[in-house]
Amino acid sequence: MTGPDPLPWGDADPAVRAARAEAAQAAQAAQAVPVGADVADGEDERVARAALTRLVEPGDAAFGRAVRVHGAARLLRDLCGPGPLPVELARRDPAGYRVRLGGHDPRADLARIAGLGGAFVAPGDPGWPSQLDDLGDARPLGLWVRGAAPLRLAALRSVAVVGARACTDYGAHVAATLAADLAEAGWTVVSGGAYGVDAAAHRGALVVAGRTVAVLACGIDVNYPRGHERLLARIAEEGTLVTELPPGAHPTRYRFVERNRVIAALTRGTVVVEAALRSGALISARRAARLGRRVMGVPGPIGSPSSAGVHALLREPGSVLVTRAAEVIEEVGLIGDDLAPVLAGPARPGDDLAPETRRILETVPTHDTLSTALIAREAGVAPAATRRHLDVLAGRELVDRTSKGWRRRGGA
């Protein structure tokens, strides 16, 4: 390690001396924990990143920039000592980070995740989903992952299905159906493991034995919400749980907000099933748009507050209305290969008739009869041509000729 980075303060400043003294006390308290000593003695970057997930809140771009420039191991050594922080963090109080140093050993966290059958995945690892690099310096320092499906593989063809926690029966039904159809088509359904639309999406994928990923705003070993203990356990057995927070970490409002950026970056597109005007699901969608991902919304009743946010989203440039899995796949799939079938109403006899023949058919009455001459006059078609068209229609069993003239069949 080279000499310390210059800082815009001096030891003559009493406030600086006080801050340094506080930092020294925090570092001394941390000496009982193997973090600083082990990493300073040459621990690898992954262990350092695992340690840093306890010190830094998700989405901290300035800290991410410092890690990119100096490396996680050096930054952790700086945090464990009483000295200054790198210039990227010069405006921050070191004690704000150092207060979290004591009491945790990254090796214990790594052992904890391994005991659960999971792993810590860092940028550059074979299992790292490279699409998260689109977040730049705000990308996760690493991910704590647990599940049957490798995250990188599961996320290759993935769609986020998100929406209101307090969703309606309509929202739950749409989310479950959409997720089941996406999963059956080979797509991974990603959501946040919360109540409402998230839970319906996860369950929809699981019921058809499809892949689903839950991105958590807490530690991988924390059951939140408590009512989803069984659901999260099933996702761990059949899908994947993922978080950027270390074992034991509890959720906060800020962590939920920043969790949304991971959902947005991990997937090819985000579908908002139901959302009010103020909704975390809309944050996911707008972050997806800024990352160049596809943004889709499912319409609801125009008077429903639960769909007002979706309807506002659909008025924004780039948002697309979808009602079924095939339309979602058309948006996020390969251009030209994943087109949704065109929907059409029920076919009717005579839909394929030429325009003039159809005009003749529409002139023939259903409950009365008309002569060839009157039909020709009403339709504005020459009598000879009218007779030919009527013969064609009779051959198609769309009209009948009677002794009094022509009558249209009831179903025509």
Side-chain angles (χ1 to χ4, degrees), residues 113 116-119 121 126-127 129 131 143-163 165 167 169-216 220-221 223-243 259 262-264 266-274 281 284 294 296 298 322-334 337-341:
I113 190 67
L116 294 171
V121 182
Q131 60 267 43
L143 294 172
W144 302 87
V145 180
R146 174 189 175 198
L151 178 62
R152 181 182 175 90
L153 178 62
L156 285 176
R157 283 167 52 89
S158 62
V159 179
V161 179
V162 297
R165 286 179 172 83
C167 69
D169 291 342
Y170 164 80
H173 172 74
V174 170
T177 302
L178 193 64
D181 291 345
L182 286 167
E184 284 192 315
W187 289 80
T188 299
V189 175
V190 178
S191 201
Y195 289 128
V197 166
D198 287 14
H202 291 307
R203 291 188 174 109
L206 290 170
V207 79
V208 296
R211 291 192 302 265
T212 188
V213 173
V215 182
L216 308 178
I220 208 83
D221 55 346
N223 288 313
Y224 187 90
R226 290 186 180 275
H228 280 176
E229 181 176 357
R230 293 179 63 183
L231 174 61
L232 295 174
R234 187 176 175 192
I235 294 173
E237 291 173 2
E238 302 178 33
T240 310
L241 298 176
V242 58
T243 180
R259 179 271 308 271
V262 177
I263 294 176
L266 194 63
T267 55
R268 293 196 192 178
T270 295
V271 183
V272 183
V273 172
E274 220 176 31
S284 292
R294 304 299 294 165
M296 297 151 279
V298 177
V322 293
T323 60
R324 54 199 174 111
E327 294 169 353
V328 174
I329 294 170
E330 182 178 289
E331 290 297 314
V332 299
L334 298 175
D337 290 345
D338 293 311
L339 298 179

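A quick note: this is a predicted structure, and the numbers were derived from the prediction, not measured. All heavy atoms count here, side chains included; hydrogens, waters and symmetry mates do not.
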List the atom pairs, with distances to 0.1 Å, where a side-chain N or O of residues 173-181 and a protein N or O form a donor-acceptor pair under 3.5 Å, not counting sequence neighbours.
unit_1, atom_1, unit_2, atom_2, d
T177, OG1, H173, O, 2.9

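Closest heavy-atom contact between A200 and A172: CB-O, 3.5 Å. L231 approaches H202 most closely through the heavy-atom pair CD1-CB, 4.4 Å. The shortest non-hydrogen separation linking G171 to V197 is O-CG2, 4.4 Å. Of all heavy-atom pairs between R157 and G186, the closest is NE-O, 3.7 Å. Taking every heavy atom of both residues into account, A183 and G210 meet most closely at CB-CA, 3.8 Å. Shown here for A154 and A149, the closest heavy-atom pair between the two residues is CB-CB, 4.3 Å.
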| query | Should W187 and V328 be marked as a side-chain contact (heavy atoms from CB on, under 4.5 Å) after you check the CA-CA gap, both sets of side-chain angles, and the distance that decides it? | reply | CA-CA 10 Å; W187 289 80; V328 174; over 6 Å; no
| request: Show your working on side-chain contact (heavy atoms from CB on, under 4.5 Å) between V272 and V162 and close with a plain yes or no. | output: CA-CA 5 Å; V272 183; V162 297; 4.1 Å; yes
| said: Run the side-chain contact (heavy atoms from CB on, under 4.5 Å) test on L151 and V121 for me, step by step, so that the C-alpha distance in whole Å, both residues' side-chain angles and the decisive distance to 0.1 Å come before the verdict. | reply: CA-CA 9 Å; L151 178 62; V121 182; over 6 Å; no
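In this structure, the side chains of V298 and V322 come closer than 4.5 Å at one or more pairs of heavy atoms. With contacts defined as side-chain heavy-atom distances shorter than 4.5 Å, the pair L216/R259 does not qualify. Residues V145 and V242 meet the side-chain proximity criterion, which asks for heavy atoms closer than 4.5 Å. Within the 4.5 Å cutoff, the side chain of V332 has no heavy atoms near those of the T267 side chain.
Shown here are the side chain to side chain donor-acceptor pair (under 3.5 Å) partners of R211, two or more places apart in sequence or in another chain: T188. Partners of E238 by side chain to side chain donor-acceptor pair (under 3.5 Å), not counting sequence neighbours, listed by chain and number: R234. Residues satisfying the side chain to side chain donor-acceptor pair (under 3.5 Å) test with R294, not counting sequence neighbours, are E331. Residues meeting the side chain to side chain donor-acceptor pair (under 3.5 Å) test with S191, sequence neighbours left out: D198. In terms of the side chain to side chain contact (heavy atoms under 4.5 Å, CB included) criterion, A119 has no residue partners (sequence neighbours excluded).
Between the CD1 atom of I235 and the CZ atom of R203 there is a distance of 8.5 Å, given to the nearest 0.5 Å. Taking CD1 of I220 as the start and CG of L241 as the end, the distance is 5.0 Å to the nearest 0.5 Å.
Checked by atom type and distance alone, the side chain of H228 never pairs as donor or acceptor with a backbone atom of A199 at under 3.5 Å.
Crowding of E229 atom CD: a count of heavy atoms from other residues, nucleotides or ligands under 6.0 Å not exceeding 12.
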